[in-house]
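Sequential numbering from 1 along the given sequence is applied to the chain's residues.
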Amino acid sequence: MKKIVLGISGGISFLIFLILLFTTNYLGRSQLSQTAADRWSSKKNASQVSCFFSVGSGITEDDIIDFEHTVDGALVDASVVQESENPGARLWADAYSADGTVTISTDKASITADAIGIGGDFFLFHPVKLLYGAYFSGNDLMQDYCVIDEDAAWQLFGSNDVAGMMVNIGGIPHIVTGVVERPDGRLAEAAGLDSTLVYVSCQTLNELGISHGINHYEIVMPNPVTGFAVNYIREKLGTEEKETEIVENTTRYSLLSRLKLLTQFGTRSMNGKAIIYPYWENIARGYEDILALLTLFGLLFLAWPVGLVLVFFCIWWKHKGWTMRDVRLKLMDKAERWVEKRREKRRKKKKGDRGNDDFEYIEFRDDSFTDEPGVKSLLKRKRKARKEKGSKPADEKRGARKEEKLRRKQEKKQKKEERRKKNGKTGGEL
């Protein structure tokens, strides 16, 4: 009964471990800002890398453009070429952004909102949920576009369905290309999404708003060998160590990364860099802590069934009725039987051709010929000789092994009987 209870408890513990494992994997995949590489390449050979710069790092759009001009050459040197026949296909994509504020107004109202100035394919990396309209690209020639959240839409127009409407930013008309849903929840609010947010171009933020400078850069690119992308970004774009932080998003929520995070418990919250993380990075770091904690609980629940299996195995091993020598002899016996069977099959195959010819000759002459005593006795003697010649060695070996096994069994029985007598027990009592 005790073993049954322990077995059930171990099964329940292992089931909880599986639930926690699937939960951590699901939560990791649900963070769309961290899975751009999966959306970019179905072959799983791309890597997403993020760079965060301090306010005083001095990164400009010209620095980003200079870096972009080196990427194609680096991929060619790594023997990575475009295999798609689509002329518009790209090997890599990137985006950069800056934090700040803008004043946005209509004929009805005016608000000052937090703003993110974007460049490149920002919404490829951050596909926030669209309610109406569409995204815009930081690579567009015209920079008089914006995307606003539903809170800003209600304050400015009294409605969410305002895609295509005009707003003024710094006195310059801009087209609202889309309205997005602002993420909510405890983590989102703590990450900085507790007020109105609009997305504008970097040019608009620099010229018509208040910008804190470019402090985020992201790229998704081929990763022919492990660490190629992140090491290249670190070498070419990383400024001083205290001014830059580089994160490889692709493996961020992997089991190895979560275990490594557990070893950094207590020191992870310490930050000696003057870096202000954007809201998506704050959310990602919050999920890192949650997944690391779930991983720890999962390992604890896994330890119980693993321990039970080891204990049961040790008990079974201690009371087993066989030895490794028995296993070895049994395997050797099977191997010899297999070899003998193969030999017998080859022997029959070699002699079968001649036997078939003789049979055809005898059958051709006369059916009564095989009934003659001389022929019948000759064939019988030959079959008996072949059988004795082929099986005698194997029979002797098997007989010796049976005798050895019987002897060991008797010795074991005798030792067990002696132990019983020594403990004051008799065979009848048992």
Side-chain angles (χ1 to χ4, degrees), residues 32-41 46 48-51 59-72 82 84 86-100 102 104 113-150 152-153 162-170 172-183 197-209 211 213-222 233 237 249 278-281:
L32 298 180
S33 64
Q34 309 298 312
T35 58
D38 294 336
R39 300 192 299 273
W40 181 258
S41 174
Q48 178 187 355
V49 182
S50 298
C51 301
I59 295 293
T60 64
E61 290 187 66
D62 292 336
D63 296 327
I64 301 295
I65 293 173
D66 291 340
F67 168 76
E68 290 174 340
H69 289 161
T70 68
V71 176
D72 288 326
Q82 180 60 263
S84 175
N86 185 356
R90 295 180 294 170
L91 283 173
W92 56 276
D94 66 342
Y96 55 92
S97 56
D99 292 330
V102 294
I104 182 171
D114 293 334
I116 296 179
I118 69 170
D121 297 303
F122 177 83
F123 292 107
L124 169 68
F125 296 89
H126 308 286
V128 290
K129 183 178 180 181
L130 271 170
L131 298 177
Y132 300 97
Y135 303 125
F136 72 94
S137 173
N139 295 323
D140 294 336
L141 293 177
M142 299 299 293
Q143 298 291 301
D144 56 346
Y145 300 121
C146 66
V147 170
I148 63 178
D149 66 11
E150 53 187 332
V162 297
M165 303 292 285
M166 301 294 294
V167 295
N168 291 316
I169 301 178
I172 304 298
H174 284 67
I175 302 173
V176 178
T177 64
V179 178
V180 298
E181 181 181 63
R182 190 172 71 218
L197 181 65
V198 299
Y199 301 88
V200 297
S201 66
C202 267
Q203 179 181 338
T204 295
L205 184 62
N206 290 332
E207 296 177 357
L208 306 176
S211 174
I214 295 175
N215 45 8
H216 327 125
Y217 176 79
E218 300 162 285
I219 186 171
V220 56
M221 61 184 293
I233 303 301
L237 196 59
N249 309 84
Y279 73 84
W280 61 85
E281 176 63 15

Do [X] and [Y] come within less than 4.5 Å of each other through their side chains, counting heavy atoms only?
X      : Y      : value
Tyr132 : Val162 : no
Leu208 : Val102 : no
Ile219 : Glu68  : no
Trp40  : Met221 : no
Pro222 : Leu91  : yes
Ile59  : Tyr217 : no
Glu61  : Cys202 : yes
Ile148 : Val179 : yes

Specify the closest pair of heavy atoms between Leu130 and Gly178, including all atoms of both residues, with the distance to one decimal.
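That would be CD2-CA, 4.3 Å.
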
Looking only at non-hydrogen atoms, find the nearest pair between Ala98 and Ser211 and report the distance.
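In terms of heavy atoms, the two residues are closest at CB-OG, 3.9 Å.
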
Give a yes or no answer on whether the side chain of Gln143 reaches the backbone of Gln203 with a donor-acceptor pair at less than 3.5 Å.
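No: the side chain of Gln143 does not pair with the backbone of Gln203.
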
Interatomic spacing from [atom1] in [X] to [atom2] in [Y] - rounded to 0.5 Å:
X      : Y      : atom1 : atom2 : answer
Thr204 : Ile172 : OG1   : CD1   : 9.0 Å
Gln34  : Trp280 : CD    : CH2   : 10.5 Å
Thr60  : Asp66  : OG1   : CG    : 7.5 Å
Ser33  : Gln48  : OG    : CD    : 7.5 Å
Ile233 : Cys51  : CD1   : SG    : 6.0 Å
Ser201 : Glu207 : OG    : CD    : 8.0 Å

Please test Cys146 against Val198 for side chain to side chain contact (heavy atoms under 4.5 Å, CB included), starting from the C-alpha separation and ending with a verdict.
CA-CA 7 Å; Cys146 66; Val198 299; 5.7 Å; no

Show me, pair by pair, the donor-acceptor contacts under 3.5 angstrom made by side chains of residues 114-128, not counting sequence neighbours?
| from | atom 1 | to | atom 2 | distance (Å) |
| --- | --- | --- | --- | --- |
| Asp114 | OD2 | Ser195 | OG | 2.7 |
| Asp121 | OD2 | Arg90 | NH1 | 2.9 |
| Asp121 | OD2 | Arg90 | NH2 | 3.4 |
| His126 | NE2 | Glu218 | OE1 | 2.9 |
| His126 | NE2 | Glu218 | OE2 | 2.9 |

Output all residues satisfying side-chain contact (heavy atoms from CB on, under 4.5 Å) with Glu181, sequence neighbours left out; order by chain, then residue number.
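Scan of Glu181 (side-chain contact (heavy atoms from CB on, under 4.5 Å), adjacent residues dropped) gives Lys129, Leu131, Glu150.
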
Sorted by first residue and then second, give each salt bridge (charged side-chain N to carboxylate O under 4.0 Å, His left out) pair with at least one member in residues 135-149; sequence neighbours left out.
Asp149-Arg182

